[in-house]
Enquirer: 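Take this structure, written in structure tokens, and hold onto it; I'll ask about it next.
Because the structure is predicted, anything quoted here is derived from the model rather than measured.
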Amino acid sequence: MRIAAIIPCRQGENARVVALVASLASLRDEGLSIIIGVDGEQTPPGLERFAGERGVAITTGKRGGPGAARNRALAVADADVVLFLNDDVEPAPDLIERHRAAHADNTAKLVLGAAPFAIGEPDRVLDRMTRETSLLFFFSTMDSSEPMRDWGFRHAWTLNLSVPRAICAPFDERLALPMFDDLEWAYRVCTQHAAPVVYRPDAVAIHHHRYEPEQILTREALLGHQALTLHRVNPKCAQAVFGAQFNGEADAIAEAHALLTPEAADAYAHFKAVAQQPALSVNVHELFALARPWRLAARAAGFLRAVDGAPPPDAGAIFPITASA
């Protein structure tokens with residue numbers, strides 16, 4: 001079974017993607033091709049040494065987001081199965097074989113592998129939150145004892161996900177910012193082909209991405225900002241995820257304004273104050289529950305910027321109110 005590993009990345013310095021490509025190339029797997037989709041016209045430094053190497057292809061082009069980069073890579077993918085990987089993951093030595101085995105029955109399905117966050121030093125409260133709660137992904141709530149359970153399109157994250165090439169649709173390039181590009185794609189693939197999303201925790205790619213509090217905040221704002229775009233690009237998908245929230249109508253706008261409260265700013269200030277503390281200093285599940293007000297407020301701030309036709313806000317502009325003393 002031929003597998004094409006597709007890795008979108010941005011032009012510019014990117015040591016992690018070089019390490020990823022080197023790791024995959026070192027497998028010497030005759031059935032594996034590696035296709036790097038660069039979001040830009042310049043190949044990241046270090047990748048040029050793979051140009052022309054058997055089984056490796058590098059595609060470049062006008063910047064258009066990760067979906068555009070994946071589409072360029074898909075256009076040259078001659079394989080039975082496509083494996084999407086983030087450019088900041090470290091594959092386990094048997095990752096390709098695990099995905100290959102998951103597709104041995106030749107059924108239409110999306111196979112999600114595990115992508116645990118790498119543990120850095122020092123290990124902090126925020127690092128534990130990303131690993132042990134659904135602050136970013138839902139891996140912590142997924143039960144690996146149900147191998148045939150359909151987890152649904154909302155779990156089809158393309159940081160470690162394989163799919164038969166025959167059902168792999170192109171990504172919608174109108175979702176140019178990295179938020180719902182893979183979710184909307186998975187919605188179409190799953191609904192058009194009645195394809196389940198199954199979880200294979202033994203297919204492991206370590207995720208080397210350490211977040212800071214401001215990055216989490218701006219990510220939540222980007223979610224709200226791009227939710228409006230999702231409503232416009234694929235209303236059925238947006239309805240399945242958000243209902244009427246963020247649809248741009250008057251009620252959604254009023255709801256968003258109501259979320260921008262001093263209490264939300266206070267909650268973020270508390271989160272930021274403890275996020276850098278030692279990992280075991282607080283209960284991360286309690287802190288996650290307390291994060292709901294500021295996360296919703298950040299989404300609302302991003303959404304309101306989208307309504308006004310403005311770009312997503314940076315961290316310092318998300319709360320247009322002052323936290324109480």
Side-chain angles (χ1 to χ4, degrees), residues 10-14 16 39-40 63 65-66 86-88 117 120 122-131 133-137 175-181 183 207-231 242 245-248 252-279 281-282 284 286-325:
R10 294 180 180 179
Q11 64 182 32
E13 294 289 340
N14 195 331
R16 179 55 61 184
D39 185 22
R63 295 193 66 174
N86 262 28
D87 65 355
D88 57 0
F117 281 101
D123 195 19
R124 309 164 303 168
V125 166
L126 179 52
D127 301 322
R128 275 194 65 210
M129 282 187 71
T130 61
R131 298 194 304 267
T133 74
S134 54
L135 181 67
L136 297 172
F137 301 104
L175 292 161
L177 296 180
M179 180 50 65
F180 298 122
D181 51 313
L183 181 145
H207 194 187
H208 290 271
H209 193 148
R210 201 176 196 194
Y211 284 85
E212 300 301 329
E214 293 82 1
Q215 291 175 305
I216 300 291
L217 185 65
T218 55
R219 185 180 185 274
E220 295 287 354
L222 180 61
L223 185 155
H225 188 277
Q226 288 300 286
L228 179 60
T229 304
L230 182 63
H231 271 288
F242 296 115
Q245 189 181 29
F246 304 130
N247 65 5
I253 293 172
E255 179 184 353
H257 279 293
L259 291 169
L260 297 173
T261 66
E263 291 77 17
D266 284 338
Y268 176 69
H270 173 67
F271 164 77
K272 187 175 180 180
V274 301
Q276 305 281 9
Q277 292 181 9
S281 61
V282 301
V284 294
E286 291 181 359
L287 187 62
F288 174 70
L290 293 172
R292 180 174 174 80
W294 66 259
R295 294 177 68 202
L296 293 177
R299 295 177 187 184
F303 164 66
L304 292 172
R305 293 267 295 188
V307 170
D308 291 338
D314 58 30
I318 287 176
F319 292 120
I321 34 83
T322 302
S324 59

Enquirer: Within the 4.5 Å heavy-atom criterion, are Pro293 and Thr261 side-chain neighbours or not?
Expert: no
Enquirer: Could you measure the distance from the CG atom of Leu223 to the OG1 atom of Thr218? Nearest 0.5 Å is fine.
Expert: 11.5 Å
Enquirer: Where do Val125 and Ser281 land on the side-chain contact (heavy atoms from CB on, under 4.5 Å) test, with the steps shown first?
Expert: CA-CA 7 Å; Val125 166; Ser281 61; 3.4 Å; yes
Enquirer: Once the angle between the rings of Phe137 and Phe117 is folded into 0 to 90°, is it parallel (under 30°), tilted (30 to 60°) or perpendicular (over 60°)?
Expert: tilted
Enquirer: Applying the side chain to side chain contact (heavy atoms under 4.5 Å, CB included) criterion to Met129, which one of Leu287, Leu136, Ile216 satisfies it?
Expert: Leu287
Enquirer: Measure the CD-CG distance between Gln215 and Leu222 for me, rounded to the nearest 0.5 Å.
Expert: 12.5 Å
Enquirer: With a 4.5 Å cut-off on side-chain heavy atoms, are Leu260 and Leu304 touching?
Expert: yes
Enquirer: Mind checking whether Trp294 and His270 have side chains closer than 4.5 Å, heavy atoms only?
Expert: no
Enquirer: Quick one: pull up CZ in Arg295 and CG in Leu259 and give me the separation to the nearest 0.5 Å.
Expert: 13.0 Å
Enquirer: How many angstroms lie between CG in Leu228 and CG in Asp308, if you round to the nearest 0.5 Å?
Expert: 10.5 Å
Enquirer: Can you tell me how far apart OG1 (Thr229) and CZ (Phe180) are? Round to the nearest 0.5 Å.
Expert: 9.0 Å
Enquirer: State, with a plain yes or no, whether a side-chain heavy atom of Phe303 is found less than 4.5 Å away from one of Gln245.
Expert: no
Enquirer: Please examine the side chains of Pro213 and Gln276, heavy atoms only from C-beta on, and report whether any two atoms are closer than 4.5 Å.
Expert: yes
Enquirer: Please confirm whether the backbone N or O of Asp88 pairs with a side-chain atom of Asn86, one donor and one acceptor, at under 3.5 Å?
Expert: no
Enquirer: Please determine whether a side-chain nitrogen of the Lys or Arg among Arg210 and Asp127 lies less than 4.0 Å from a carboxylate oxygen of the Asp or Glu.
Expert: yes
Enquirer: Looking at Asp39, is its backbone amide N or carbonyl O close enough to the side chain of Arg10 to form a donor-acceptor pair, meaning the two atoms are under 3.5 Å apart?
Expert: no
Enquirer: What I'd like to find out is whether the side chain of Asp123 reaches to under 4.5 Å of the side chain of Arg128, using heavy atoms alone.
Expert: yes
Enquirer: Determine yes or no for a side-chain-to-main-chain donor-acceptor pair under 3.5 angstrom, with Asp314 supplying the side chain and Ala317 the backbone.
Expert: yes
Enquirer: Considering non-hydrogen atoms only, spot the tightest contact between Ser134 and Phe288 and give its length.
Expert: OG-CZ, 3.4 Å
Enquirer: Whether the side chain of His225 engages the backbone of Ala310 through a donor-acceptor N/O pair (distance < 3.5 Å, no angle test) should be reported.
Expert: yes
Enquirer: With a 4.5 Å limit on heavy-atom distance, are the side chains of Tyr211 and Arg124 in contact?
Expert: no
Enquirer: Check the angle between the aromatic planes of Tyr268 and Phe271 and answer parallel, tilted or perpendicular using the 30° and 60° thresholds.
Expert: tilted
Enquirer: List the steps, then state whether side-chain contact (heavy atoms from CB on, under 4.5 Å) holds for Gln226 with Asp181.
Expert: CA-CA 10 Å; Gln226 288 300 286; Asp181 51 313; over 6 Å; no
Enquirer: Hey, are the side chains of Leu183 and Leu175 touching, using non-hydrogen atoms and a 4.5 Å cut-off?
Expert: no
